[in-house]
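Please read all numbers here as calculations on a predicted model, not as lab measurements.
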Amino acid sequence: MSAPPTRSRGSRARSFPGAGGLRETGRLFALALDVVRHMPSRPFQFREFIQQCWFIASVTILPTALVAIPFGAVIALQLGSLTRQIGAQSFTGGASVLAIIQQASPIVTALLIAGAGGSAICADLGSRKIRDEIDAMEVLGVSVVQRLVVPRVLAAILVAVLLNGMVSVVGVLGGYFFNVIMQGGTPGAYMASFNALAQLPDVWISELKALIFGFLAGVVAAYRGLNPPPGPKGVGDAVNQAVVITFLLLFAVNFILTTIYLQVVPPKGM
């Protein structure tokens, strides 16, 4: 009489409901570590890096500037109405500028980098994968991470940091215009409240967020591009998945960074 069949450890792992998600998370984290490890490696693909910087900047700079204006306007209008209700109109400028620099600017930058630049990176690497170019590079002993992924991730980081500064300026100018022109605020009170509440670490945390968000957008886009789902719709599905995953990670990381910053750096005047 034969013994009943037993399930191996591998089959039990495959039947675990969350095994697939954990496996994908581990692979994404491993790719992020590989990117960091290969950044100082030589030879550095400088030409590829410049081309990717130009491409990402060309597809994101105009949409980012156009999105920054209504973001600054909405924040200025909402805070202006709120401060008018509680009798603190003199602090409208400082509150709106801090909201734009600390929160709106890096978020807008990251969303455009992930939606425009990240989707293009994912589609490019995904098309290379289905044409077996990635497999051919691996057979030849060429590091795919060093040759293709690192220049794209560094380009996303650099463009995100630069765009963050542009969004901050455009958003602050938009908030100033709508507060002074449409809500009847005074330019002197707007600038005085900004000087009273703002401090240099506010700019640092904004740039740090943009740097981290650019890194996340580049790594997620590269991971999904190198691992597209099978089938003719694989690349399109990978692009959609990359954008959604990046958005979820951005909001989670933004919450963590903001919490740490508010605990470490005391508000000005306290």
Side-chain angles (χ1 to χ4, degrees), residues 14 16-36 52 55-64 66-68 70-71 74 103-130 134 144-145 148-161 163-164 167 206 208-259:
R14 287 192 297 269
F16 181 65
L22 292 176
R23 191 180 301 112
E24 293 292 324
T25 304
R27 291 175 179 174
L28 177 62
F29 185 72
L31 178 61
L33 292 180
D34 286 341
V35 170
V36 175
Q52 292 300 318
F55 173 74
I56 296 176
S58 63
V59 299
T60 56
I61 186 169
L62 182 60
T64 304
L66 295 178
V67 171
F71 256 86
V74 168
Q103 302 299 328
S105 178
I107 288 294
V108 169
T109 302
L111 294 181
L112 268 298
I113 289 291
S119 60
I121 292 174
C122 182
D124 178 35
L125 294 178
S127 62
R128 292 170 182 257
K129 180 68 176 180
I130 63 175
I134 304 298
V144 177
V145 175
L148 298 178
V149 179
V150 169
R152 286 163 171 78
V153 173
L154 289 178
I157 292 174
L158 179 61
V159 175
V161 172
L163 282 181
N164 182 67
V167 173
S206 178
L208 178 62
K209 285 182 179 181
L211 188 149
I212 295 176
F213 293 166
F215 177 79
L216 290 176
V219 169
V220 172
Y223 175 75
R224 294 311 304 156
L226 294 176
N227 301 277
K233 295 175 55 181
V235 176
D237 294 339
V239 171
N240 294 333
Q241 293 171 7
V243 174
V244 173
I245 293 172
T246 304
F247 284 5
L248 295 177
L249 286 177
L250 292 179
F251 288 110
V253 173
N254 180 64
F255 172 78
I256 296 173
L257 292 176
T258 303
T259 303

### Query
Looking at side-chain heavy atoms only, is the closest gap between Ile121 and Ile56 below 4.5 Å?
yes
### Message
Using side chain to side chain contact (heavy atoms under 4.5 Å, CB included), reason through Lys209 and Thr109 one step at a time and then give a plain yes or no.
### Response
CA-CA 10 Å; Lys209 285 182 179 181; Thr109 302; over 6 Å; no
### Query
What heavy-atom pair brings Phe251 and Phe247 nearest, and what distance separates the two atoms?
CD1-O, 3.0 Å
### Task
Report the C-alpha distance between Thr246 and Phe213 in whole Å, list the side-chain angles of each, state the deciding distance to 0.1 Å, and finish with yes or no for side chain to side chain contact (heavy atoms under 4.5 Å, CB included).
CA-CA 9 Å; Thr246 304; Phe213 293 166; over 6 Å; no
### Exercise: identify the closest heavy-atom pair between Pro106 and Ala210
CB-N, 4.2 Å
### Task
Would you indicate whether the side-chain heavy atoms of Phe215 and Val36 approach each other to under 4.5 Å?
yes
### Query
Can you name the closest pair of heavy atoms from Ala217 and Ile113 and give their distance?
CB-CG2, 4.0 Å
### Query
Under the salt bridge (charged side-chain N to carboxylate O under 4.0 Å, His left out) test, which residues partner Arg224, sequence neighbours left out?
Glu24
### Message
To the nearest 0.5 Å, what is the distance between CG on Asp124 and OG on Ser119?
### Response
11.5 Å
### Test log, rule side chain to side chain contact (heavy atoms under 4.5 Å, CB included), inputs Leu148 and Ile134
CA-CA 10 Å; Leu148 298 178; Ile134 304 298; 3.7 Å; yes
### Summary
For Ala221 and Gly118 the tightest heavy-atom approach is CB-O, 3.2 Å
### Query
Should we count CD1 of Ile61 as having more than 12 external heavy atoms under 6.0 Å?
no
### Query
Given Lys129 and Leu226, is the side chain to side chain contact (heavy atoms under 4.5 Å, CB included) satisfied, shown in steps?
CA-CA 6 Å; Lys129 180 68 176 180; Leu226 294 176; 5.6 Å; no
### Query
For Thr60 and Leu112, which heavy atoms make the closest approach, and how far apart are they?
CG2-O, 3.6 Å
### Message
Between Asn254 and Leu250 (side chain of the first, backbone of the second, donor and acceptor by atom type, cut-off under 3.5 Å), is there such a pair?
### Response
no
## Note on the structure
With sequence neighbours left out, the residues meeting side-chain contact (heavy atoms from CB on, under 4.5 Å) with Leu211 are Ile157, Val161
### Query
Roughly how far, to the nearest 0.5 Å, is CG of Leu216 from CD1 of Ile212?
7.5 Å
### Query
Thr258 side chain to Phe255 main-chain N or O, any donor-acceptor pair under 3.5 Å?
no
### Query
Which pair of non-hydrogen atoms, one from Val219 and one from Val153, has the smallest distance, and what is that distance?
N-CG2, 4.0 Å
### Message
If I take atom CD from residue Gln52 and atom CG from residue Leu158, how far apart are they, to the nearest 0.5 angstrom?
### Response
12.5 Å
### Message
Does any part of the side chain of Asn164, heavy atoms only, come nearer than 4.5 Å to the side chain of Ser206, both counted from C-beta?
### Response
yes
#### Entry: Leu31 side chain reached by Arg27 side chain, heavy atoms, under 4.5 Å
no
